[in-house]
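A quick write-up on the structure given underneath.
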There are 2 protein chains.
Amino acid sequence: MKTEKISEFTINRLSIYLRCLNLLAASGVTTTSSQALAEQFQLNSAQIRKDLTYFGEFGVRGVGYNVTELRAHLNEILGLDRQHRIGIVGAGNLGMALANYRGFEHECFQVAALFDKEASRLGITSRSGVVVHHIDELDEVVARQRIVIGVVAVPAENAQEVVDRLTESGISAILNFAPVRPNTRPGVQLKTMDLAISFESLSYFLSDSGQDGPTPP
Amino acid sequence: MKTEKISEFTINRLSIYLRCLNLLAASGVTTTSSQALAEQFQLNSAQIRKDLTYFGEFGVRGVGYNVTELRAHLNEILGLDRQHRIGIVGAGNLGMALANYRGFEHECFQVAALFDKEASRLGITSRSGVVVHHIDELDEVVARQRIVIGVVAVPAENAQEVVDRLTESGISAILNFAPVRPNTRPGVQLKTMDLAISFESLSYFLSDSGQDGPTPP
DNA sequence: AATTGTGAATTCCTTCACAGCC
DNA sequence: GGCTGTGAAGGAATTCACAATT
């Protein structure tokens, strides 16, 4: 275990490794190696080893990694051995889609509350029975429900205000879907999923397609 | 204009610069500089200049950049001066949320069709009247509607199959929301928005929040 | 005087290659 | 023999700093 600063690239790859291991475990594989993983899932074996050794020595030289053990380690490193309660601000199409997202159901992430400022949306419930509160109840509900992750699913104009209110409410991590780059206090983790950037990037590569010419000898 | 390979980081930042310029233009600003942009929007001025010069010399030394001109250039570079027709595969919560997403309405991206394999979803329409087709009509509808971007909004298990079918149908760019890393033919642009990775990354930073207190072994 | 465009310096990330261990 | 863990090398992205330009 190093005290070195660990890059977000590494953390994101740990999620990928964990997924690969879950697939292997599901098909009954008990032992694997960085090379085997790299080949099956198109990764780089040295990178797998380097990423893992930031957190410990999980392998056995000459043998490889025990799938069950490594899964357990990655789950713990990523904090997936705990419940994380989520509050979604914005009960429009996106907010409700996230609240109903089945990907959460079997996982450690649990949508515990929804918030909106539109009177017409108050009281609506998600498929699993989570109710839409007025945004003015944010502080109270976040505290009562022990919500730690806030999701911003409101229009760009309101995103900064919502981030500020979430921060005030004592939340420690925010996933923002609005196409803005909000300011946050240090200590509050912010991650933005920017649909507009993704589409515009695709648009760029459509325009100048033919980027990838034939590889020289 | 260089022939150098341009990184995706640069392209993504161009989207951000364009947004900033749109804000400036909306408040009547006609001229700006890399420093002014950097200060207002928390960017790095050298990076702005370097990013822009991959595509041309848009500034005037001693003066800065003309907001209207630079917007026009970025719009053209990103291909936002053209319509891009989108087909969404998967008419569940996420697919319908994307189809109804207002961010598209005033932009150059237009959702032209929805697809699903569930009989119960066929014929449903989005708010703007786009109808859900059976996935078997993909090839025909993609051709008829001149769809160039495919969106994958299906469960992980079906994502690779959908990517293959989209590729077969002649689409040139894919935005994937399933938590997998599908294989694509070279020439087809693929971008994955991985919710699971984002949440797991936030979870990680929640666990070890505050690099000051390392956990004992 | 002010700001761009850019080579050089720096920082960060990835890959190589091999010593060390099973 | 085979595989991990890792220092060193290589490559990419960012930032610095200044000559060139208006």
Side-chain angles (χ1 to χ4, degrees), chain A residues 1-17 20-21 24 29-67 69-71 73-74 77 181 197 201 211 215-216, chain B residues 1-17 20-21 24 29-67 69-70 73-74 77 181 197 201 211 217:
Chain A
M1 171 69 139
K2 323 285 171 60
T3 31
E4 211 174 320
K5 196 218 147 205
I6 289 153
S7 116
E8 190 144 352
F9 291 98
T10 291
I11 302 304
N12 290 349
R13 281 191 299 264
L14 295 187
S15 289
I16 292 171
Y17 304 155
C20 299
L21 291 167
L24 290 183
V29 177
T30 58
T31 300
T32 188
S33 68
S34 59
Q35 276 132 275
L37 284 167
E39 276 163 32
Q40 290 172 80
F41 301 104
Q42 308 190 98
L43 305 164
N44 178 294
S45 66
Q47 186 158 67
I48 296 172
R49 295 196 299 278
K50 188 142 272 195
D51 285 340
L52 293 176
T53 53
Y54 287 117
F55 299 95
E57 306 203 354
F58 304 129
V60 179
R61 288 166 200 233
V63 178
Y65 301 93
N66 177 290
V67 171
E69 275 178 26
L70 190 51
R71 283 173 80 200
H73 281 299
L74 291 179
I77 292 165
R181 315 176 73 228
I197 289 181
S201 167
Q211 277 256 314
T215 21
Chain B
M1 173 68 137
K2 324 287 169 60
T3 29
E4 210 175 321
K5 196 219 147 203
I6 290 152
S7 115
E8 189 144 353
F9 292 99
T10 292
I11 302 304
N12 290 348
R13 281 191 298 265
L14 294 188
S15 289
I16 292 170
Y17 304 155
C20 298
L21 292 167
L24 290 183
V29 176
T30 59
T31 300
T32 189
S33 68
S34 59
Q35 276 134 277
L37 284 167
E39 277 163 32
Q40 289 172 78
F41 301 104
Q42 308 190 99
L43 305 163
N44 178 293
S45 65
Q47 187 159 66
I48 296 173
R49 295 197 299 276
K50 187 145 273 195
D51 285 339
L52 293 176
T53 54
Y54 287 118
F55 299 96
E57 306 203 354
F58 303 130
V60 178
R61 289 168 198 235
V63 178
Y65 300 93
N66 176 291
V67 171
E69 275 178 26
L70 189 52
H73 281 299
L74 291 179
I77 292 165
R181 313 174 76 227
I197 290 180
S201 166
Q211 267 73 340

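A note on names: the letters A, B, ... follow the listed sequences, proteins ahead of strands, and every chain is numbered from 1. Small disclaimer: the values here were computed from a predicted structure and weren't measured.
Between B:Arg13 and B:Asn44, every side-chain heavy-atom pair lies at or beyond the 4.5 Å cut-off. Between A:Tyr17 and A:Gln47 there is a side-chain heavy-atom pair separated by less than 4.5 Å. For the pair A:Arg49/A:Tyr65, a side-chain contact is recorded, criterion being any heavy-atom separation below 4.5 Å from C-beta on. Between A:Glu8 and B:Ser201, some side-chain heavy-atom pair lies under the 4.5 Å cut-off. Considering only heavy atoms from C-beta on, B:Ile48 comes within 4.5 Å of B:Leu52 through its side chain.
Counting to the nearest Å, the P atom of D:dA12 and the OH atom of B:Tyr54 are 12 Å from each other. Spacing between atom CD of A:Glu8 and atom P of C:dT11 amounts to 21 Å, rounded to whole angstrom units. Distance, B:Phe55 CZ to C:dT4 P: 18 Å, rounded to whole Å. Across the protein-nucleic acid pair, A:Asn66 atom CG and D:dC3 atom P stand 16 Å apart, rounded to whole Å. In this entry the distance linking NZ of A:Lys5 with C1' of C:dC12 reads 9 Å, nearest Å. For B:Leu43 and D:dC16, the CG to C1' distance is 17 Å, given to the nearest whole Å. To the nearest angstrom, P of C:dT4 lies 13 Å from CG of B:Asp51. B:Leu37 has its CG atom 13 Å from the C1' atom of C:dT4, to the nearest Å.
Taken to the nearest 0.5 Å, the CG atom of A:Leu70 stands 10.5 Å off from the SG atom of A:Cys20.
A close approach under 4.0 Å does not occur between any side-chain nitrogen or oxygen of B:Gln47 and OP1 or OP2 of D:dC16. Side-chain N/O atoms of B:Arg13 include none lying less than 4.0 angstrom from OP1 or OP2 on D:dA13. Taking only side-chain nitrogens and oxygens, B:Asn44 never comes nearer than 4.0 Å to OP1 or OP2 of D:dT14. Within the structure, a side-chain polar atom (N or O) of B:Ser34 is placed less than 4.0 Å from OP1 or OP2 of C:dT4. In this structure, A:Tyr65 reaches the D:dG5 phosphate: one of its side-chain N or O atoms is under 4.0 Å from OP1 or OP2.
Take the nearest nucleotide of DNA chain C for B:Lys50 and for B:Thr32: the residue whose nucleotide is more 5' is B:Thr32. Heavy-atom nearest nucleotides on DNA chain C were determined for A:Ser7 and for B:Leu52, and the one closer to the 5' end corresponds to B:Leu52.
Scored by the side chain to side chain contact (heavy atoms under 4.5 Å, CB included) test, B:Val29 finds B:Leu24, B:Ser27, B:Val67 as partners (sequence neighbours excluded).
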A correct 5'-to-3' footprint of nucleotides 17-22 of chain D, with B, S and - meaning base, sugar-phosphate only and no protein heavy atom under 4.0 Å, is B--BBB
